[in-house]
Q: 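One structure, pasted below without further comment.
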Amino acid sequence: MAEQSGVPPYARLLAGAVRDGVCPGAVWAVGDGAGTRSAGAVGVLDPARPEEPVRPDTLYDVASLTKILAVWGVTGTLVDAGKLDLSAPLGAYWPAAAGRPVGDVTARQLLAHTAGMPLRANLRFLYGSDPQDVRDGVLSEPLRHRPGAAVAYTDRAALVLGWLAEHLTGRPLARLAEERVWGPLGMRDTRYGPLPPEAAARCAPTEYDEETGRHLKGTVHDFSSRLLGGACGIAGVFTTAADTGRFLRGVLAPPPGTFSAAWTAASLRIATGGLVPPRGLLWHPAPGTTPADDVWAHFGFTGTALWVSPARGRWAVLLTNRLYVTRDPGPLARVREEFQAYAFT
């Protein structure tokens with residue numbers, strides 16, 4: 001869609017969202033394989049401090065975008081290196097999964113959300129607060145359905161994939177993401193939390209936390225991730241729009257030293273056969289599109305989103321802290337749909 005009066009349509013759209021109370025602020029970037037074509041920031045970092053604006057280098061808790069920025073990228077490097085067979089049952093090569101329900105599941109089914117894992121639940125209330133008890137509980141939980149029989153999005157798929165990557169490499173997921181994905185792509189502002197004070201100072205706060213009596217700022221919102229030390233496959237990554245754009249340019253044209261173009265191609269096509277809703281490997285067709293439209297997306301609960309389209313050679317990222325305002329995803333979803341239309345029409 002064309003710009004008017006030299007003002008990017010994204011700026012008008014997101015300024016309206018801030019004015020209407022959808023989110024305190026937002027940062028966006030839209031581009032292609034050559035770089036960023038439009039970027040900006042609107043609104044305030046924290047409504048309690050209205051004198052401090054959002055800036056292009058504002059850090060956001062990106063919630064489930066962690067699944068793409070960390071888990072998907074790291075998994076791709078393992079597949080490329082021949083260290084992970086997506087079609088082999090986990091129990092055939094991972095002792096922690098052997099003899100448990102998850103042992104019959106494949107990594108491909110986890111990536112496509114067809115593994116039959118239980119849906120999202122507060123891990124502490126199920127398994128206690130010890131990380132090893134949580135891991136044992138998740139891996140021992142009965143499946144909801146036979147692997148491959150249905151599609152159902154669940155955080156547990158990425159959680160298990162993160163543990164699997166750690167098993168295959170002997171290194172923590174946070175280190176793997178830095179070494180194999182963020183470092184090679186030049187994502188210098190991206191890291192798992194909790195953030196050090198100097199980084200937390202430029203982080204957009206999220207939801208009010210009853211335990212601390214303040215909005216979370218530099219500490220991951222997702223409670224299960226906090227339970228596991230802040231770094232896991234579910235959530236926990238903090239990043240900027242510019243760094244997310246670097247990642248998405250890498251998806252379009254991966255540089256040497258990270259995941260391959262073959263991994264991108266395998267992921268951005270339907271991996272669920274005739275099941276609905278259709279999904280790729282951790283990616284899904286953007287709302288309002290079909291797989292043939294080749295616009296793929298992933299969204300985060302805190303108010304974040306990313307899109308990529310290899311056929312169009314475009315990418316887009318929208319970061320907000322709408323969770324500061326409300327848990328109702330509806331208002332931001334409508335803004336996001338319009339943003340997507342601007343970026344990919």
Q: Rounded to the nearest 0.5 Å, what separates atom CG in L161 from atom CG in L164?
A: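 Rounded to the nearest 0.5 Å, the CG-CG separation comes to 6.5 Å.
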Q: Under the 6.0 Å and 45° cation-pi test, does R175 pair with Y192?
A: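 No cation-pi geometry.
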Q: Using atom types as modelled and distance alone, determine if a side-chain donor or acceptor of R322 lies under 3.5 Å from a backbone N or O of F301.
A: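 Answer holds: yes.
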Q: Counting C-beta onward and ignoring hydrogens, is there a side-chain heavy-atom pair between D61 and C203 closer than 4.5 Å?
A: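 When only atoms from C-beta onward are counted, C203 and D61 do not touch, as no gap falls below 4.5 Å.
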Q: Strictly distance-based, threshold 3.5 Å: is any side-chain N or O of T320 a donor or acceptor partner for the main-chain N or O of G303?
A: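 Looks like yes, one N/O pair under 3.5 Å.
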Q: With distance as the sole test, does D133 use its side chain to make a donor-acceptor pair with the main-chain N or O of D130 at under 3.5 Å?
A: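 Absent.
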Q: Determine the sole option in D294, V295, T345 for which the side-chain contact (heavy atoms from CB on, under 4.5 Å) test with R312 is passed.
A: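 The side-chain contact (heavy atoms from CB on, under 4.5 Å) with R312 is passed solely by V295 among D294, V295, T345.
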Q: For L173 and G233, work out which heavy atoms get closest and say how close.
A: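 Heavy-atom minimum between the residues: CD2-N, 3.7 Å.
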Q: Between H284 and F299 (judged by ring centroids, cut-off 6.0 Å), do the two rings come close enough to count as a pair?
A: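 When the ring centroids of H284 and F299 are compared, they turn out to be within the sub-6.0 Å range.
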Q: Would you check if the distance from the ring center of F223 to the ring center of F125 is below 6.0 Å?
A: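 Centroid distance F223-F125: not below 6.0 Å, so no.
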Q: Taking E337 for the side chain and R334 for the main chain, is one N or O donor matched with an acceptor at less than 3.5 Å?
A: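 Not at all, since once roles are kept as given, no pair shorter than 3.5 Å links the two residues.
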Q: Rounded at 0.5 Å granularity, tell me how far CZ in R336 sits from CG in L318.
A: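 Between atom CZ of R336 and atom CG of L318 there are 8.5 Å.
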Q: Hydrogens and angles aside, do Y127 and E141 bring a side-chain donor and acceptor to less than 3.5 Å of each other?
A: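 Per modelled atom types, Y127 and E141 side chains form a pair under 3.5 Å.
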Q: Check whether any side-chain heavy atom of H298 sits under 4.5 Å from a side-chain heavy atom of S64, and report yes or no.
A: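 SC-SC contact between H298 and S64 confirmed.
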Q: Check step by step if salt bridge (Lys or Arg N to Asp or Glu O under 4.0 Å) holds for R214 and D209.
A: CA-CA 6 Å; R214 65 187 68 178; D209 179 50; over 6 Å; no
Q: May I ask you to check whether W307 and F339 place their ring centers less than 6.0 Å from one another?
A: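 Yes, close enough.
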Q: Looking only at heavy atoms, which two atoms of G35 and W315 are closest? And how far apart?
A: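 Result for this residue pair: O-CZ2, 3.8 Å.
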Q: Pair D85, Y93 - check side chain to side chain donor-acceptor pair (under 3.5 Å), show working.
A: CA-CA 10 Å; D85 180 352; Y93 59 93; over 6 Å; no
Q: Measure up the Y10 and Y342 rings against each other and bin them: parallel (under 30°), tilted (30 to 60°), perpendicular (over 60°).
A: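 Perpendicular.
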Q: How far apart are the closest heavy atoms of T272 and P278, and which atoms are they?
A: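 So the two residues come closest at OG1-CA, 3.4 Å.
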Q: Decide yes or no on side chain to side chain contact (heavy atoms under 4.5 Å, CB included) for V42 and W28, but give the supporting numbers first.
A: CA-CA 9 Å; V42 297; W28 82 90; 4.1 Å; yes
Q: Do any N or O atoms from the side chain of Q340 and from the backbone of P287 form a donor-acceptor pair under 3.5 angstrom?
A: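 Here the side-chain-to-backbone pair exists.
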Q: Is any side-chain N of the basic residue among R226 and E211 closer than 4.0 Å to the acidic one's carboxylate O?
A: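 A salt bridge is absent here (no side-chain N lies under 4.0 Å from a carboxylate O).
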Q: Of all heavy-atom pairs between D293 and S309, which one has the smallest distance, and what is that distance?
A: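 It is O-OG, 4.4 Å.
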Q: What I'd like to find out is whether the side chain of L228 reaches to under 4.5 Å of the side chain of V134, using heavy atoms alone.
A: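 Yes - at least one pair of side-chain heavy atoms lies under 4.5 Å apart.
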Q: Let's go through T77 and R180 carefully: what are the C-alpha distance in whole Å and the side-chain angles of both, what is the deciding distance for side chain to side chain donor-acceptor pair (under 3.5 Å) to 0.1 Å, and is it a yes or a no?
A: CA-CA 7 Å; T77 68; R180 293 169 174 254; 2.9 Å; yes
Q: State, with a plain yes or no, whether a side-chain heavy atom of Y208 is found less than 4.5 Å away from one of L216.
A: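 Heavy-atom side-chain distance check fails, nothing below 4.5 Å.
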Q: Is any side-chain N of the basic residue among D155 and K67 closer than 4.0 Å to the acidic one's carboxylate O?
A: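 Salt bridge between D155 and K67, a charged N being under 4.0 Å from a carboxylate O: yes.
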Q: Can you tell if the side chain of D104 reaches within under 4.5 Å of the side chain of P89, non-hydrogen atoms only?
A: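 D104 does not reach P89 side chain to side chain.
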Q: Measuring only between side-chain heavy atoms, which start at C-beta, is V181 closer than 4.5 Å to P184?
A: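 With C-beta onward as the side chain, the pair stays apart.
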Q: Once rounded to the nearest 0.5 Å, what's the spacing between atom CE of M187 and atom OG1 of T240?
A: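 Nearest 0.5 Å value for the CE-OG1 distance: 8.0 Å.
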Q: Would you list the pairs meeting side chain to side chain donor-acceptor pair (under 3.5 Å) in which at least one residue belongs to residues 254-267, sequence neighbours left out?
A: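 Counting only pairs at least two positions apart or across chains, the side chain to side chain donor-acceptor pair (under 3.5 Å) contacts touching residues 254-267 are W72-S267, D80-S260.
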Q: Under a 3.5 Å distance rule, please check whether W182 uses its side chain to pair with a backbone N or O of L69 as donor and acceptor.
A: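 Yes; at least one donor-acceptor contact below 3.5 Å.
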Q: Do S140 and R100 have side-chain atoms, one donor and one acceptor, less than 3.5 Å apart?
A: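 Distance-only check passes for S140 and R100.
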Q: Within this structure, what is the OG1-NE2 distance for the pair T206 and H215, rounded to the nearest 0.5 Å?
A: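 Reported value, rounded in 0.5 Å steps: 8.5 Å.
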Q: With rounding to the nearest 0.5 angstrom, report the CD1 to CG distance, I234 to L159.
A: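 If we round to the nearest 0.5 Å, I234:CD1 and L159:CG are 4.5 Å apart.
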Q: Does the side chain of V30 reach to within under 4.5 Å of the side chain of T36, using non-hydrogen atoms?
A: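 V30 vs T36: side chains apart.
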Q: Side chains of L185 and F259: does their closest heavy-atom pair fall under 4.5 Å?
A: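 They are in contact (side-chain heavy atoms under 4.5 Å apart), so the answer is yes.
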Q: Can you tell me how far CG of L248 sits from CZ of R314, rounded to the nearest 0.5 angstrom?
A: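 So the CZ of R314 and the CG of L248 are separated by 14.5 Å.
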Q: Tell me if a side-chain donor or acceptor on T75 pairs with a main-chain N or O of V71 at a distance below 3.5 Å.
A: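 Looks like yes, one N/O pair under 3.5 Å.
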Q: Please verify the inter-ring angle class for H113 with Y153; under 30° counts as parallel, over 60° as perpendicular, anything in between as tilted.
A: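 Ring orientation, 0 to 90° scale: tilted.
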Q: When you compare the side chains of D243 and T190, does any donor N or O come within less than 3.5 Å of an acceptor on the partner?
A: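 Looking only at side-chain atoms, T190 and D243 do form a donor-acceptor pair, the distance falling under 3.5 Å.
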Q: For the residue pair R191 and F238, would you count it as a cation-pi contact if the rule is NZ or CZ under 6.0 angstrom from the ring centre and within 45 degrees of the ring axis?
A: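 The answer is no, since R191 fails at least one limit relative to F238.
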Q: Can V138 and V160 be said to form a side chain to side chain contact (heavy atoms under 4.5 Å, CB included), step by step?
A: CA-CA 8 Å; V138 169; V160 173; 4.0 Å; yes
Q: I need the minimum non-hydrogen distance between V317 and A241, along with the two atoms involved.
A: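 Shortest heavy-atom separation between V317 and A241 comes out as CG1-O, 3.7 Å.
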Q: Give me the atom names and distance for the closest heavy-atom approach of P291 to I270.
A: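 Closest approach of P291 to I270, heavy atoms only: CG-CD1, 3.5 Å.
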Q: For the backbone of P172 and the side chain of E166, can you confirm whether one donor and one acceptor N or O come within less than 3.5 Å of each other?
A: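 No: the side chain of E166 does not pair with the backbone of P172.
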